[in-house]
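Structure record follows, encoded as structure tokens.
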Amino acid sequence: GNSVTQMEGPVTLSEEAFLTINCTYTATGYPSLFWYVQYPGEGLQLLLKATKADDKGSNKGFEATYRKETTSFHLEKGSVQVSDSAVYFCALSDLGGFKTIFGAGTRLFVKA
Amino acid sequence: EPEVTQTPSHQVTQMGQEVILRCVPISNHLYFYWYRQILGQKVEFLVSFYNNEISEKSEIFDDQFSVERPDGSNFTLKIRSTKLEDSAMYFCASSNPGQGIPNYGYTFGSGTRLTVV
């Protein structure tokens, strides 16, 4: 079945450091891929998405590229801020879209 | 920006009692979902709902669970006889303004924290 694997956290960075959170997936067909973010005490928010191979999703300085050859969708940001501290979830949905599967989440701490 | 609204934000119930968690999805969305998250850990799929019927459900969504869209705006999750292990954050989500492919990403509510004692 479909699955998502993301790097374990927590990840602790200093402000303005470069961020990479790795995500790989297993799926049949051509899934849509997502990154969601969860700030403390809140629900999940869609951060970015890509619906086909080689698409790059981007939002708020975050980027991720849909790599079918490596089945990956790594999240990157060039310069993190304290306000980026949150839990980041990689997720996929098959073309039918009736179910989205989430990775285990990666907690990011950014120090001033 | 349109929101998914969930009530209550926190519910405490005794084991064996029935609970109903309520959600108001975004008005022009057609697909509705329930997820749960135990202790801030993995987000687990429960059920998806489209065209007034369940589209897909997980193994967690057993006979103790049911969903309903009673009036065209609310979307409810009922747990018939709660167990201690049902304690979790329950998130409602909706998607799709009718673009053909149903999933361009979900909008989640803020969640209901259910505590079973």
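Reminder, nothing fancy here: chain letters follow the sequence lines and each chain counts from 1.
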Only distances under 3.5 Å count here; give the side-chain donor-acceptor pairs of residues 62-69 of chain A to other protein atoms, sequence neighbours excluded, each with its distance to 0.1 Å.
| from | atom 1 | to | atom 2 | distance (Å) |
| --- | --- | --- | --- | --- |
| Y66(A) | OH | P31(A) | O | 2.7 |

May I have the list of side-chain donor-acceptor pairs in residues 9-25 of chain B shorter than 3.5 Å, sequence neighbours left out?
| from | atom 1 | to | atom 2 | distance (Å) |
| --- | --- | --- | --- | --- |
| H10(B) | NE2 | T115(B) | OG1 | 3.2 |

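W34(B) and Y31(B) fall into different hydrophobic clusters, defined by Ile, Leu, Val, Met, Phe, Trp and Tyr side-chain heavy atoms under 4.5 Å apart, directly or through other members. No continuous path of hydrophobic side-chain contacts links F91(B) to V4(B) [ILVMFWY only; heavy atoms under 4.5 Å]. With hydrophobic clusters built from ILVMFWY side chains whose heavy atoms lie under 4.5 angstrom apart, F32(B) does not share a cluster with F45(B). Criterion: ILVMFWY side-chain heavy atoms under 4.5 Å apart, direct or through other members. Under it, I101(A) and Y90(B) are not part of a common hydrophobic cluster. I26(B) and L46(A) fall into different hydrophobic clusters, where Ile, Leu, Val, Met, Phe, Trp and Tyr residues are linked whenever their side-chain heavy atoms come under 4.5 Å apart, directly or through other members.
At a 4.5 Å heavy-atom cutoff, Q45(A) makes no contact with chain B through either its backbone or its side chain. Contact annotation for E44(B): neither backbone nor side-chain heavy atoms come within less than 4.5 Å of a heavy atom of chain A.
Within residues 53-82 of chain B, the residues having any heavy atom less than 4.5 Å from a heavy atom of chain A are, in residue-number order, S55(B), E56(B). Within residues 6-16 of chain A, no residue has any heavy atom under 4.5 Å from a heavy atom of chain B.
Within 6.0 Å of NZ in K83(B) there are more than 12 heavy atoms belonging to other residues, nucleotides or ligands. For L84(B), the CG atom is densely surrounded, since the number of other residues' heavy atoms within 6.0 Å is greater than 12.
F108(B) pairs with exactly one of Y39(A), F89(A), Y36(A) by the ring-ring contact (aromatic ring centres under 6.0 Å, His included) rule, that one being Y36(A).
Expressed to the nearest 0.5 Å, how far NZ of K49(A) lies from OH of Y106(B) amounts to 13.5 Å. E42(A) CD to M89(B) CE: the interatomic distance, rounded to the nearest 0.5 Å, is 10.0 Å.
Note: F102(A) and Y35(B) meet the aromatic proximity criterion, with ring centroids under 6.0 Å apart.
Contact annotation: the side chain of L44(A) approaches that of V43(B) to within less than 4.5 Å [non-hydrogen atoms, C-beta and beyond].
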